[in-house]
Structures are given as C-alpha cells and as structure tokens.
K.L.:
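My questions will all concern the structure given below.
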Amino acid sequence: MSVNNVTANLLRRSNAVSSILYNQYKVIGTQGRQFHETEGNRFAVKTATNPKPDWNRAVSEAEKIVGYPTSFLSLRWLLSDEIANVALHLRKLVGSNHPLLKTAKSLIYNGRNNMQAWGLIVLLISKAAGHLSVDDMEEDKAAGVLHSQRALAEVTEMIRTSHLVHKGLVNIQPGVYPEASEMNDMTFGNKIALLSGDYLLGNSCAELAALRNQDLVELMSSAVRDLAEAEFVGRRDNQNNPLPSIPPADRTGYAVTEWTLRNVLSAGALLGKSCQGTLKLAGHSDEIQEQGYNFGKHLALAWQACLDLGPFTGKDQTVPFSLCSAPVMFHIEHDPTILTEIDKGLESVQNVDYTKVHDIIVSGPGVELTKQLQKEHSQRAMEVLAVFEESDARTALSNIIVAMGDF
Amino acid sequence: MACIGSGRLCARVEKLCQFGHFTQVRRKVSTACVRFRQDIPQSGSTLVQHCQNGARSRVRGVIPGSRAVSSMQTQQPGSLPEFQVDPYRLIDDDLKDVYDDIRLELVRNTSQEELKTIATYYFDGQGKALRPMVAILMARAINYHKERSDLLASQRQVAMIAEMIHSASLIHDDVIDQSDFRRGKPSVNVLWNHKKVTMAGDFILAIASMMIARLRNDDVTLTLSQVVTDLVQGEFMQLGSKETENERFAHYLTKTYRKTASLIANSAKAVAMLAGADDHLADVAFQYGRNVGLAFQLVDDLLDFVSSSAAMGKPTAADLKLGLATAPVLFACERYPELNPMIMRRFQEPGDVEKAFEFVHKSQGLEQTRFLAKKHCVEAARLAQSLAESPYQKGLLVVSDFVINRMK
C-alpha cells in the first residue's frame, strides 16, 4: 500500500470518528438543552420580574448567531477523567450542606447569572468587530469567529467558573461543626471544590498558552489576579461575605467608588479583558482593543447592577441580598445610620435583620439610584457598540443589553 | 544496600521506572562518586575543591573536554569523595535575592494588605529552594555547554516562577490536607480563613503566569503551563487508588511525576530552551529534572517513615494519616499482603496507621524505596555528565547525590 493510500485511509477513519463524536455531541447537546429548559422554566416562574424584554430569547437567539453554545461543558469535558471523578465525588456530597452543590447547580440552570452568557458575549463582540486575519484556516466560517477566539471564550468561562467554585469553599472554624460526619462533609466538599477550581484554572492556563500569544496570556492572567484580589477588598465576616466599609466624613461618591472598585475587580476586569483579548486576537488596533475593554467592563457592571436590583424590585422580595449591593451602598451614602443594623453582621451576615434593612432601603433613594447606575453603564456599553458596523452580532448584543432591564 | 529484596515487585519496578523514556538498564549501582558534606568548611575562593588524598585520590573529570564516561562503574565502594561542590554556594549570588524579588513582585501587584501578607507568607527564605536551585544550576550548566557565559535574566525569572508555582500548590495543599505545620511554622490555613488562603494561592499562580507571559517565548509558556495541569491532575490521582498491585505502582509513579517531578523537569527544560538549546539538549535537561524530582519525592516518602517530626517540620507518618499509600507501603505490601485491604480503605480504621507503619519497618520497603530513588539519581547523574564540564555541571551531579542522602 502506498503512503498516499495509508494517509487517505487514516483521514477517512478519523472523519468517521469525528462524525460519530459529533453525533454523540448532538445527542448530549439536546439532552442538555431539554434540561436547561425545564430548569429555566422553574427559574422563570420564580423570578418573573421583568416580563417585557425576554432575556432567555435574547440569549438563545444570540447563541444561534455564533454557532453552538460556548459552554465548556462540552463532550471533551464530559469525557475527561477529572470531571468524571468530580461528578463521582459530588454524589457523595448530596444531602450535605456544602455550597459546592449550589455552585454546581448554578452552572447548569439557565438563569441570568448563567456562565455561558459570558463566553457568548466574547464571541458576539468578536463577530461584531470582525477580524483582520488573512489565514482562512483560522476561521470558523459558519460562525464568523476565529478558532482562537472561541478558545478564548471558553477560557473566560473557565476562569469565571473556577473563581465561583473557589469562592464557594466553606471557612471551617474550630468548633463550628461539632459532629464528625458534618465536619467530614465540609472538609471533603472543600477539597473537591478546591481541586475542581484548580483544574479549571490549570486548563485555562494550558489553553491560553496554546494560543501562542504572550500579550493575551499576560492580559488574562491579570484578570485572574483581579478576581483573587476582589476577595480581599473591604470588611468581611467570618465566611468572607463582604460588608460595606465605614464611609468617610464627606460621603460624596462613597457608594459608587466602593461599589465600582469591588465589581470591576470581581466581574468587570474579566469580561473587559476577555473582550479586549478577543479583539487582540483579531488583529485590531490598541485603540479598538481599549474600546473592547470598556464594552466588557460596562456590560459587566450594568449586569451586576441589574442583579443587585433583583431583590428590591422583583416579585419575590424575600431573596437574600448582598450587603454590598448597590441599593445598600447608595442608602449608606444617603443615611449612614443604617450601618448600626448592618454592623450586626460583622461576625456573620446572618445576624443582620434583612427584612428590616430591606424595608429601610425600599423607602430610600437606593433603588432609584441603582437603576440610574445600571442605565449609565448600559449606555456606555451601547456607545462602544456604535463603533462597529451594523451586523447581526451587534444587534444581538444590544438586544441583550435591552433585555437586561430598563434601557 | 546489600539487602535489597529480589522479589517479583522489584523486577516489575525495574521495568516501571524506565517508563518509556530510557531503555538503558543500569545494572551496576555502586555508591555514587560524589559525596555531599554540608559540614565541611568551604573556602570562599575555590568553589570546587579537589580532595587531596594522596594515592587514594583519583582526579577524574578535571581534564577539560573529557566527559568522565565510565566513572560510575569504576568507583570502588568506600572510596573518599573527590570534591565537594556546594551547589548553594556555587550560585549564591543568583539565588540570594530570589525570595526578595518574588515578594516584591507579589506586593507590587495588589493594594490589599492582607493579600500581601498571605501571599508572601511562605517566601520567607526558610525553604530548601530546591526548585530555583536546580533551575539556576541547569541554566548555568547549559549556558556553559552552549559556550555562553552569564545567566540570562529570563532564566532567573524561570527559577522564581518555579518556586512560586510550588508555593501556590503548597498553599492549596494546606487547605486540602488541613495541615497544622509546615516548615516549622503554623501553616497558612491555621492563620487565615480557607477562602482567603485559596484566593491567595490563585493570586500567586496568576502573578507567576504573568511573569511567564513576559518572557515572550511561546514554547516556554507552553512548557511551564504544562506544570500547572500536571499538578492538578496529580492531586486528582491522589484521591483515588487502584485495585491491583501492578496498577497501583504505576499510578503512584505517574502521580509522583505529576505532583513533584514535572515542575522540576519542565523548569529545567524551560531554562535550557531559553539558552537556545536544541530539542535533544532540552530533553537532557528535562530528563535530569524528572529523575531528580522522582528521587526527591521517593526520599520524601521514605523520610516520612523514619525521620523525626523535629527534623521534617511536620509530623511523621503524615502520608498514612492522610490515607496515602506511598512507595514504602507499596513495597511492603509484597511481603505483607495484609496491607492490601488497609490501602483500599485508606488506613481509616483505628490502628491501621500503626499497623501499616510497623509492617513497613519489618519489610524491605524502605530499602527498596531507597534503591529505586538511587536508580533515578544515578540516571540523573549520567545525564548531567553528558553536559560540558563546568562547576555548574558538577553542581548538578552533587544535587543528584544530595537528594538521596538528605535527612530532611
């Protein structure tokens, strides 16, 4: 048999394999989707707060524009030894109180805080901006993005997920879990959470390295740094839940400054740098890259403001909220006496009377100011979009911003 | 060394420890020709001291260009050491500011005081600094080999990065294992809460990763990111165990490579690549690091059974208490099959740890582990000898010996 023949054979065989894999992927993909929908429905019933623009529709239509969903929960990941291992161990934790289970669940459901949306945004901005690459092999023609950009979108999701998983560790303090079984669950849960997070982080490193672009590696690593740093800003209770810092004598700008600092580090930096990075891969100028950063940052902040509003404007107002969410921060700026109640949470935020704080805030200016904040950031993100030419991806991005809330 | 068991397992291990990379079987394992003595006073000026011992001294390897091919085989047991190179002294200038520079780099990257404190906690200069030391020695040895003179700034960066990745993994290990002491002081997870400690580990890794990117070398970045994935995969492997003895040993060796040797091997490879080494030379550096790394961990696992808590800075039989079956136990298992069920239940039942500890001491497990470690050291020395002769190349030889003879 000639060498040519052998090669042809190999090619044919690998084609067969990939088509089998592809079919399997489709099956898994559709199963996943059904699951999403049922979970999504349940979620929608619970928080049908904003019936006007349909968030889920905006997202699912946007997904069609850039091809298959970006989520790294794809076949490759389902087949990896380590993920199988984690799944096995997670089963042992079912029934315990470890927050890792919640994190795992939130990875799957289709809510607003959904991880996939981040990768999706990166792909959409990639498509909206187009690319200056001449290499045809590099492009995913159907979706209009480069393979490297798709990889970056995946890295974004991995970094974000890894951070959420690590944030979901439990601080085990001596004497808190007197029962040995409970203590074991917590220790074991922490172990799995830590390793899973590290696994994602390690893989994101490897995937970034494979893109062979050192500027990009540095940029994305600095986003990981920012996420870690975010967990040290300001006052914290025993479980590392954030508490607002004590405002200075002159309170002007207190709320926005602190809220922005926290959220740029914990969200804005990653989405901003990912958007910047994808434009870098596409060969755009530094100036356009900077615009990309601004887009991602403002979108993430608008998103955060929107999430912060939920517990104060939604139907179900018993949802716990963060003591550092924008409405609370604005209220402190307006009237710092609320801190006497909030400071009861210095040891554990659970000691705070949330209903009381909630009532005070709803009757103050916090909610209105947060809406303005969200609008401001949405506006800034929209402004950047105007830089790009009209396209389906650009429309999808603006639909997402609109769907987020009042714009 | 005389009492090395010749059981089935030994033959199997012989096969295992070549896994794929080297086909040479070294039949003669004599005592190594280089002795490392910390207590011998060093004269400041001469870094390489030839032992002048009259008739018994055989000065070998001083003729420039000679590669001292057969030194291993011709060495007689009991002969005196020929020279002492203290690798730490040799590269003292390169090494002395490594910890300061790491701390500077970390502190520069955050404005959060607490993060600074946690992140720099283990960079206090109290560690062995094995990883930066091997990286710098290898860098200088390869530079010499390539007829270059100075240590490149980028190579020194790799040494720092290696130590940082190592520390980040130590910090995460502390959270996982809930250890109380490390390097003779309270471990991080005792002093700060788990979430913050975890984040500090991520932070160090992120900074290391930024430093890697600043080297602006695609292949070096790929090589060093491989380390991070290896570390995590090794950690995952440690969660599970294998049913059969055979699989178990392979599992253990792969885990050891990923958790310990990969970092040393890949950082050695990285400094070689930065020196412009070709694939073959880079692989020599890699294999040297891999062998030293494996030997280092084997000895570590051995010392866990024999060393006192005071010397190690952590409690003994710590691995057993964590449910881990390391080489000495796996070897002991050959003679005492009673250990099998204990390994499978991860020494959870009362008395398991004590019983296993006793079995290991009654068996040849410790000697066999040392034997295996020694094989890797000999291989490392062989590789180091293929480099051009220089004080640094001698340093690499000393390191391979130091690894096996260390007491802590």
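Here is the naming used below: chain letters follow the sequence lines, and residue numbers restart at 1 for every chain.
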K.L.:
For a quick test of your reading: what N or O donor-acceptor pairs under 3.5 Å do the side chains of residues 156-171 of chain B make, sequence neighbours left out?
P.N.:
unit_1	atom_1	unit_2	atom_2	d
B/Arg156	NE	B/Asp94	O	3.0
B/Arg156	NH1	B/Asp101	OD2	3.0
B/Arg156	NH2	B/Asp101	OD2	2.8
B/Glu163	OE2	B/Tyr99	OH	3.0
B/His166	ND1	B/Arg131	NE	3.4
B/His166	NE2	B/Arg131	NH1	3.3
B/Ser167	OG	B/Glu163	O	3.4
B/Ser169	OG	B/His166	O	2.8

K.L.:
Sort A/Ile192 into side chain, backbone, both or neither according to what part of it lies under 4.5 angstrom from a heavy atom of chain B.
P.N.:
side chain
K.L.:
Heavy-atom distances under 4.5 Å only: say whether B/Ile207 touches chain A with side chain, backbone, both or neither.
P.N.:
side chain
K.L.:
Of the backbone (N, CA, C, O) and the side chain (C-beta and beyond), which part of B/Ile118 lies under 4.5 Å from a heavy atom of chain A, both, or neither?
P.N.:
side chain
K.L.:
Is it the side chain or the backbone of B/Asn217 that comes within 4.5 Å of chain A heavy atoms, both, or neither?
P.N.:
backbone
K.L.:
Between A/Asn213, A/Val217, A/Leu216, which residue shows the highest count of heavy-atom pairs closer than 4.5 Å to chain B?
P.N.:
A/Val217
K.L.:
Compare all side-chain heavy atoms of A/Ile172 with those of B/Gln178 and state whether any distance is below 4.5 angstrom.
P.N.:
yes
K.L.:
For atom CG of B/Asp278, decide whether the heavy atoms of other residues, nucleotides or ligands shown that lie under 6.0 angstrom number more than 12.
P.N.:
yes
K.L.:
Quick one: pull up CG in B/Asp202 and OG in A/Ser162 and give me the separation to the nearest 0.5 Å.
P.N.:
5.5 Å
K.L.:
Does any part of the side chain of A/His163, heavy atoms only, come nearer than 4.5 Å to the side chain of B/Met199, both counted from C-beta?
P.N.:
yes
K.L.:
Tell me whether B/Arg214 is salt-bridged to A/Glu218, with the criterion being a basic N under 4.0 Å from an acidic carboxylate O.
P.N.:
yes
K.L.:
Nearest 0.5 Å please: distance from the NZ atom of A/Lys191 over to the CG atom of B/Asp173.
P.N.:
10.0 Å
K.L.:
Taking the six-membered ring for Trp, are B/His194 and A/His166 ring centroids under 6.0 Å apart?
P.N.:
no
K.L.:
Where does A/Asp198 contact chain B at under 4.5 Å (heavy atoms): side chain, backbone, both or neither?
P.N.:
both
K.L.:
Is the closest side-chain heavy-atom distance between A/Leu169 and B/Val175 below 4.5 Å?
P.N.:
yes
K.L.:
If you count every heavy atom of other residues, nucleotides or ligands that lies below 6.0 Å from A/Lys167 atom NZ, does the total exceed 12?
P.N.:
no
K.L.:
Taking the side chain as everything from C-beta on, heavy atoms only, tell me whether A/Asp215 gets closer than 4.5 Å to B/Arg216.
P.N.:
yes
K.L.:
Under 4.5 Å heavy-atom distance to chain B, tell me which part of A/Val170 shows up: side chain, backbone, both or neither.
P.N.:
backbone
K.L.:
State the CG-CG distance between B/Leu222 and A/Leu211, to the nearest 0.5 angstrom.
P.N.:
9.5 Å
K.L.:
For chain A, which residues from residues 102-117 of chain B lie under 4.5 Å away (heavy-atom distances)?
P.N.:
B/Asn109, B/Thr110, B/Ser111, B/Gln112, B/Glu114, B/Leu115
K.L.:
So for A/Leu195, is it side chain, backbone, both, or neither that comes closer than 4.5 Å to the heavy atoms of chain B?
P.N.:
both
K.L.:
Considering only heavy atoms from C-beta outward, does the side chain of B/Asp219 approach that of A/Arg212 to under 4.5 Å?
P.N.:
yes
K.L.:
State the CG-CH2 distance between A/Asn171 and B/Trp192, to the nearest 0.5 angstrom.
P.N.:
14.0 Å
K.L.:
Does atom CD (A/Gln350) have a neighbourhood of more than 12 heavy atoms from anything else shown, all under 6.0 Å?
P.N.:
no
K.L.:
So do the side chains of A/Asn203 and B/Thr229 get within less than 4.5 Å of each other, counting heavy atoms only?
P.N.:
yes
K.L.:
Suppose we screen for salt bridge (charged side-chain N to carboxylate O under 4.0 Å, His left out). Which residues come up paired with B/Asp319, at least two apart in sequence or across chains?
P.N.:
none
K.L.:
Heavy atoms under 4.5 Å from chain B: which residues of residues 237-246 of chain A carry them?
P.N.:
A/Asn238, A/Gln239, A/Asn240
K.L.:
Count the heavy-atom pairs under 4.5 Å between each of A/Asn190, A/Leu227, A/Thr187 and chain B, then report the option with the highest count.
P.N.:
A/Thr187
K.L.:
Could you pull out the closest heavy-atom pair between B/Thr221 and A/Ala209, with the gap in Å?
P.N.:
CG2-CB, 3.8 Å
K.L.:
Tell me, out of B/Ile176, B/Asp230, B/Asn193, who's got the most heavy-atom pairs with chain A below 4.5 Å.
P.N.:
B/Asn193
K.L.:
Taking the side chain as everything from C-beta on, heavy atoms only, tell me whether B/Lys196 gets closer than 4.5 Å to A/Arg236.
P.N.:
yes
K.L.:
Can you tell if the side chain of B/Leu205 reaches within under 4.5 Å of the side chain of A/Val224, non-hydrogen atoms only?
P.N.:
no
